**Student:** 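Dumping the structure here so I can ask a few things about it.
Note on naming: letters A, B, ... go to the chains in the order of the sequence lines (proteins, then strands), and numbering restarts at 1 for each one. Only a predicted model underlies this, so the values are computations on that prediction, with no experimental measurement involved.
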Protein chains: 2
Amino acid sequence: MLLHAANAISGSVTPGTAKTPGGTSLLLTENQQAIGGPPPLMDKLTPRERELVLKSGRRKVLNRGQTLFSQGAKHDGIYLIESGRVRVFYISPLGREITLAYWHVGNFVGGPEVFEGGTHQWSGVAASNCAVVQLPGRELRTLATEIPNLAIGLIEGLTFKGKCYSALAQMLGTRSITQRLAHLLLHLMDLYGVEDPDGTLIAAAFTHADIAHMVGATRQWVTISLKRMQDKQVVLTKRSQIVVCRPDLLEEMRGQAAD
Amino acid sequence: MLLHAANAISGSVTPGTAKTPGGTSLLLTENQQAIGGPPPLMDKLTPRERELVLKSGRRKVLNRGQTLFSQGAKHDGIYLIESGRVRVFYISPLGREITLAYWHVGNFVGGPEVFEGGTHQWSGVAASNCAVVQLPGRELRTLATEIPNLAIGLIEGLTFKGKCYSALAQMLGTRSITQRLAHLLLHLMDLYGVEDPDGTLIAAAFTHADIAHMVGATRQWVTISLKRMQDKQVVLTKRSQIVVCRPDLLEEMRGQAAD
DNA sequence: CCTTTCCCGGCAACTAATCGACCGTGAGGA
DNA sequence: TCCTCACGGTCGATTAGTTGCCGGGAAAGG
C-alpha cells in the first residue's frame with residue numbers, strides 16, 4: 001500500500017534538485033514519527049571514503065518504464081537513486097500485484113538483500129526517467145568491513161527498509177481495503193497536495209489501476225470506492241484528477257491512526 | 001501470516017537443544033530457497049569478540065505469556081533467543097491482530113530497529129518459557145564499529161528480517177485468505193507434521209484464533225474454511241487437532257507457488 | 001466439588017470485494 | 001482521417017469474508 005519515499009539527500013550523490021514536496025517519507029505507516037525519514041546512507045563518511053565507495057559503483061540511466069531489477073532474478077548489489085522515481089512492486093504467480101513504494105532520490109533500492117547472492121524479492125521499474133548508481137554486492141561487502149561508518153549506514157538503511165516493509169505488512173494485515181484507500185488519499189494529499197477552490201488537489205497522475213496496486217485491490221473496486229466517496233462529498237473526481245474536500249472524514253474512515 | 005523461524009544455532013549462545021523439527025525457517029514465503037535460513041549473528045566472530053558482545057548483554061528469563069517488548073514502546077536494543085519461542089505480532093488501533101512469526105532459538109527479535117532510539121514496530125511475547133539475552137542498542141552500536149564482522153552479521157540478520165517482512169507483505173497483498181490458510185497448513189505440516197493413519201497430523205496446538213492471527217482473518221472464517229476443507233476430505237479436524245489428508249489439494253488451493 | 005474461562009462450532013444477516021465483460025472517450029500515431 | 005490503445009465508468013453475478021450471537025464441552029482453578 002504505497003510507502004512513499006521522499007527526498008532526503010543522501011551523501012554527495014547529486015545535491016540540488018530536491019524538488020519533491022513535503023518532508024515526509026512513507027505512505028503507509030501508522031504514525032510518521034515512529035519511522036522517521038530515510039537515513040542518509042553515506043552521510044557519516046569522510047569525502048575520501050565517499051569517493052572510494054562511489055568509485056566502485058556503476059552509473060546507469062533509465063527511461064520511464066524500463067526495468068531496473070526483477071523479482072527472482074539474481075541479485076547483484078543495490079542501487080542508489082540519483083534522480084527520478086522508482087516503483088518497487090511484486091507480482092504473484094496468479095498475476096496480482098502489490099506496490100511497495102515509489103522511491104525518490106536519496107534512497108537505495110534493490111530488495112532487502114544488499115550484498116551479492118540470493119535473488120531479488122521485488123521488481124523495480126523507472127516511474128520516470130532515472131539515474132542510479134549500482135553498488136555491486138561483492139565490493140560493497142569488502143568496503144563495509146573496511147569502513148565502519150559505511151556498515152553503520154547500511155544497517156540504518158536496512159532498519160529503515162525494515163520499517164517500511166513492516167508498515168506495509170501491518171496495514172495489509174489489519175486494515176480493510178477501504179481504510180487503506182482513505183489512508184492512501186490522505187498521504188498523497190500530503191505529498192502532492194495543491195490548493196484548489198474545492199479543497200486539495202492531488203497533483204500527480206495516478207490511474208485507478210496504479211492506486212489499486214498501491215492498496216492491493218482491483219481497479220474496479222477503487223473506482224467504486226472513489227465513487228462512493230464522491231457521493232458522500234468526501235472527494236471530487238474528474239477523470240484521474242482527485243480533489244480531497246473533507247480530509248476530516250477521510251481520517252475517520254481510515255480508522256484512527258495518529259499521523 | 002506466520003513466518004516460522006526455526007532452529008539455526010547462532011554463535012555460541014546455548015548450543016544443543018536444537019530439537020525443533022525440520023530445517024526450514026520461514027512460513028509464509030513463496031519459495032524457501034529464495035530466502036534461506038536465518039543467518040547466524042555471531043558465527044564469524046572470534047571467541048574473544050563473541051565473549052565481548054555477550055558480556056554487554058543482559059540475560060532475561062520469561063514465562064509463557066510474558067511480554068518481551070510492546071509496539072510503540074521505546075526501543076532499547078535487540079534480544080537474542082537462547083531457548084523457547086517468541087511470538088511477534090502487531091495489533092491495529094481497532095484491535096485486529098496479525099502475527100509475523102514465531103521465532104525460535106538462534107534468531108534475534110526486537111523490531112527492524114537494532115540500535116537505540118525509535119519505538120518498537122511489533123510486540124513480542126513468550127509463546128513458551130524463554131531465555132533471551134538483551135543487547136542494548138548503545139553498546140551494540142559501538143561494538144559494531146569496532147568489530148567489522150559483527151556489523152556484517154547484523155547486516156545479514158537485517159537482510160533476513162527484511163525478507164521475512166517482504167514475504168509477509170507480499171502474501172498479504174496478493175493472496176486471498178483461503179490461499180494463505182492453505183499455505184499455512186502446508187507449512188505447519190512441514191514443521192510439526194507427524195505420521196498418522198489418515199495423513200499427517202499437525203502436532204502443535206494452535207487454536208483457531210491463533211491461526212486466524214497468522215493468516216490475518218477472523219476466527220470464524222478459519223472455522224468455516226477448515227470445515228469446508230473437511231467436507232472436501234482435504235483435512236480432518238477434531239477439536240484443535242488438524243490432520244492433513246490431501247496435501248496435493250492444498251498445494252492446488254494456495255495457487256501455485258514453488259516451495 | 002463447583003465455578004469460571006477458554007475454545008470449538010454453528011447460524012443468520014450483511015457487506016466488502018472480485019470477476020468478467022462492455023462501452024464511451026480522449027490522446028496519439030500513421 | 002481513421003485506427004488503436006489506455007483509461008474511466010458501469011453492470012450483474014458471484015464469492016469471500018465479517019459481525020454478532022448463542023451454546024456446549026473441556027480444562028483450569030479454587
Side-chain angles (χ1 to χ4, degrees), chain A residues 1 64-65 91-98 125 127 171-185 202 204-232 235-243 253-255, chain B residues 1 63-65 91-92 94-98 125 127 171-185 202 204-232 235-243 253-255:
Chain A
M1 164 150 12
R64 176 181 151 89
I91 301 187
S92 81
L94 294 178
R96 290 204 52 151
E97 186 170 338
I98 181 79
V125 305
M171 293 299 282
L172 290 173
T174 61
R175 260 72 157 188
S176 73
I177 295 189
T178 315
Q179 291 173 312
R180 270 132 61 184
L181 183 58
H183 193 112
L184 178 69
L185 288 178
I202 293 175
F206 291 110
T207 70
H208 287 195
D210 288 338
I211 295 177
H213 291 151
M214 297 186 217
V215 296
T218 56
R219 182 186 66 79
Q220 293 94 322
W221 184 251
V222 171
T223 306
I224 292 173
S225 301
L226 284 177
K227 185 173 145 65
R228 282 189 198 163
M229 286 183 183
Q230 183 153 18
D231 291 348
K232 285 192 239 158
V235 301
L236 234 159
T237 64
K238 27 189 161 155
R239 196 158 195 80
S240 117
Q241 290 225 329
I242 302 179
V243 180
M253 288 176 64
R254 82 168 147 191
Chain B
M1 166 155 6
N63 292 324
R64 176 182 153 86
I91 301 186
S92 81
L94 293 178
R96 291 206 49 154
E97 186 170 338
I98 180 83
V125 305
M171 292 298 282
L172 291 172
T174 61
R175 260 72 158 189
S176 73
I177 294 189
T178 313
Q179 292 174 311
R180 270 134 60 187
L181 183 58
H183 194 112
L184 178 69
L185 288 178
I202 294 176
F206 291 111
T207 70
H208 286 191
D210 288 337
I211 295 177
H213 291 152
M214 296 185 217
V215 298
T218 56
R219 183 190 64 77
Q220 290 93 325
W221 184 250
V222 171
T223 305
I224 293 172
S225 301
L226 284 178
K227 184 173 146 62
R228 281 188 197 163
M229 286 183 185
Q230 183 154 18
D231 292 347
K232 285 192 236 154
V235 301
L236 233 159
T237 65
K238 27 189 160 159
R239 196 155 196 86
S240 119
Q241 290 225 328
I242 303 179
V243 179
M253 288 177 65
R254 82 169 149 191

**Student:** When you measure from the side chain of B:Arg180 to the backbone of B:Val215, do you find a donor-acceptor pair of N or O atoms at a distance under 3.5 Å?
**Tutor:** yes
**Student:** Within the structure provided, determine whether B:His183 and B:Met171 are in side-chain contact (heavy-atom separation under 4.5 Å).
**Tutor:**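 Yes, their side chains come closer than 4.5 Å.
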**Student:** With sequence neighbours excluded, what pairs up with B:Asn63 under the side chain to side chain contact (heavy atoms under 4.5 Å, CB included) test?
**Tutor:**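 B:Asn63: side chain to side chain contact (heavy atoms under 4.5 Å, CB included) contacts with B:Gln66, B:Asn129.
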**Student:** How would you list, by chain and number, every residue that makes a side chain to side chain contact (heavy atoms under 4.5 Å, CB included) with A:Arg228, sequence neighbours excluded?
**Tutor:**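 Per chain and number, A:Arg228 pairs via side chain to side chain contact (heavy atoms under 4.5 Å, CB included) with A:Trp221, A:Ile224.
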**Student:** Which residues pass the side chain to side chain contact (heavy atoms under 4.5 Å, CB included) test with B:Thr174, sequence neighbours left out?
**Tutor:**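 For B:Thr174 the side chain to side chain contact (heavy atoms under 4.5 Å, CB included) partners, ignoring immediate neighbours, are A:Tyr90, A:Ser92, A:Arg96, A:Ile98.
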**Student:** The criterion is side chain to side chain donor-acceptor pair (under 3.5 Å); which residues satisfy it with A:Gln241, sequence neighbours excluded?
**Tutor:** none
**Student:** Picking from B:Leu185, B:Thr178, B:Leu181, what satisfies side chain to side chain contact (heavy atoms under 4.5 Å, CB included) with B:Met253?
**Tutor:** B:Thr178
**Student:** For A:Val243, which residues count as a side chain to side chain contact (heavy atoms under 4.5 Å, CB included) partner, sequence neighbours excluded?
**Tutor:**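 A:Val243 satisfies side chain to side chain contact (heavy atoms under 4.5 Å, CB included) with A:Asp196, A:Asp198, A:Leu201, A:Leu236 only.
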**Student:** What string of B, S and - do you get for nucleotides 15-25 of chain D, 5' to 3', when a contact is any protein heavy atom under 4.0 Å?
**Tutor:** -SBBBBB--BB
**Student:** Return the set of residues passing side chain to side chain donor-acceptor pair (under 3.5 Å) with B:Thr223 (not counting sequence neighbours), or none when no residue passes.
**Tutor:**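 Per chain and number, B:Thr223 pairs via side chain to side chain donor-acceptor pair (under 3.5 Å) with B:His208.
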**Student:** Would you mind reading off the bend of the helix from C:dC1-D:dG30 to C:dA30-D:dT1 from its two end axes, five pairs each, to 10 degrees?
**Tutor:** 40°
**Student:** Checking A:Gln220 now: which residues fulfil side chain to side chain donor-acceptor pair (under 3.5 Å) with it, not counting sequence neighbours?
**Tutor:**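 Per chain and number, A:Gln220 pairs via side chain to side chain donor-acceptor pair (under 3.5 Å) with no residue.
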**Student:** Base, sugar-phosphate or nothing for A:Thr223? Non-hydrogen atoms, less than 4.0 Å.
**Tutor:** base
**Student:** Using the heavy-atom set of chain A and a strict 4.0 Å cut-off, write down the first and last nucleotide of DNA chain C that makes it in, 5' to 3'.
**Tutor:** C:dA16 to C:dT25
